[in-house]
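Below: the structure, in structure tokens.
No hydrogens, no waters, no symmetry mates; every other heavy atom, side chains included, goes into these values.
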Amino acid sequence: TIFEAPHDEL
Amino acid sequence: MNIFRLLGDLSHLLAIIILLLKIWKTRSCAGISGKSQILFAIVYTTRYLDLFTTFISAYNTFMKIIFIATSLATVFLMYVKFKATYDHNHDTFRIEFLILPAFVLALLINHELSPVEVLWTFSIYLESVAILPQLFLVSKTGEAESITSHYLFALGSYRGLYLFNWIYRYYAEDHYDLIAIVAGLVQTVLYCDFFYLYITKVLKGKKLQLPA
């Protein structure tokens, strides 16, 4: 998967 | 969560603690760029708006709150409590030259044209260059206290460690976020000159002093 919301990093 | 990300977050936390302790113990913020600290406060408040909409983990929520609170606390210490010690004569970087382009770029290149997503992207772009006023201040005065150097090293290491995290996630989880990766690369590259001076001078017990 390319980026998928939500962002799980800080 | 992998080891690189955890070390990156801990390094980031360490940087913030070093900075707050330095200001608190010496009752002074000399040598620290208030402009960079304002930018970091903008970065964390715009990035972590998803605190209200998305829950990822207790760790994630806890760290987000810590980063927002400490960045605001640092700005408060510099501009209110220890204002008299703030080096404003040397801290002359114009932050609007970073904020406006970061915002325009976030409007143009993003994952989704929604307010929260654009603000997240803006914060990623802005963070990558937020240290420039601090590096500018060090180059203007020609030196940095050891404690300021330790702060900068920990802060620079954080995104550097995230680069390894992204390489790991690409292979292990098939996950990548190009916006974060490119901005993280830019951010780490900006520290390279400083890393070199830190390793060759500060770690050998010398003060960080730039050649005249």
Indicate the ring-plane relationship of A:His7 and B:His111, choosing parallel, tilted or perpendicular according to the 30° and 60° boundaries.
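The arrangement is tilted - the two ring planes meet at 30° to 60°.
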Does [atom1] in [X] sit with more than 12 non-hydrogen atoms of other residues, nucleotides or ligands closer than 6.0 Å?
{"X": "B:Tyr59", "atom1": "OH", "answer": "yes"}
{"X": "B:Phe195", "atom1": "CZ", "answer": "yes"}
{"X": "B:Phe82", "atom1": "CZ", "answer": "yes"}
{"X": "B:Phe136", "atom1": "CZ", "answer": "yes"}

Under 4.5 Å from a heavy atom of chain A, the part of B:Tyr48 involved
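Only the side chain of B:Tyr48 comes within 4.5 Å of chain A.
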Is chain A contacted by the side chain of B:Asn60, its backbone, both, or neither, given a heavy-atom distance below 4.5 Å?
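Both backbone and side chain of B:Asn60 come within 4.5 Å of chain A.
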Would you say the side chain of A:Glu9 lies within less than 4.5 Å of the side chain of B:Asn165, judging by non-hydrogen atoms?
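Heavy-atom side-chain distance check passes, below 4.5 Å.
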Rounded to the nearest 0.5 Å, what separates atom CG in A:Asp8 from atom CZ in B:Arg169?
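Here the rounded value is 4.0 Å.
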Once rounded to the nearest 0.5 Å, what's the spacing between atom CG of A:Leu10 and atom CZ of B:Arg5?
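Going from CG on A:Leu10 over to CZ on B:Arg5, the span is 7.0 Å.
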Best-contacting candidate, B:Ile179, B:Asp9, B:Asp50, against chain A by heavy atom pairs under 4.5 angstrom:
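Option with the top pair count is B:Asp9.
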Winner by heavy-atom pair count (cut-off under 4.5 Å) against chain A, out of B:Tyr162, B:Phe67, B:Tyr44:
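Top option by heavy-atom pairs under 4.5 Å: B:Tyr162.
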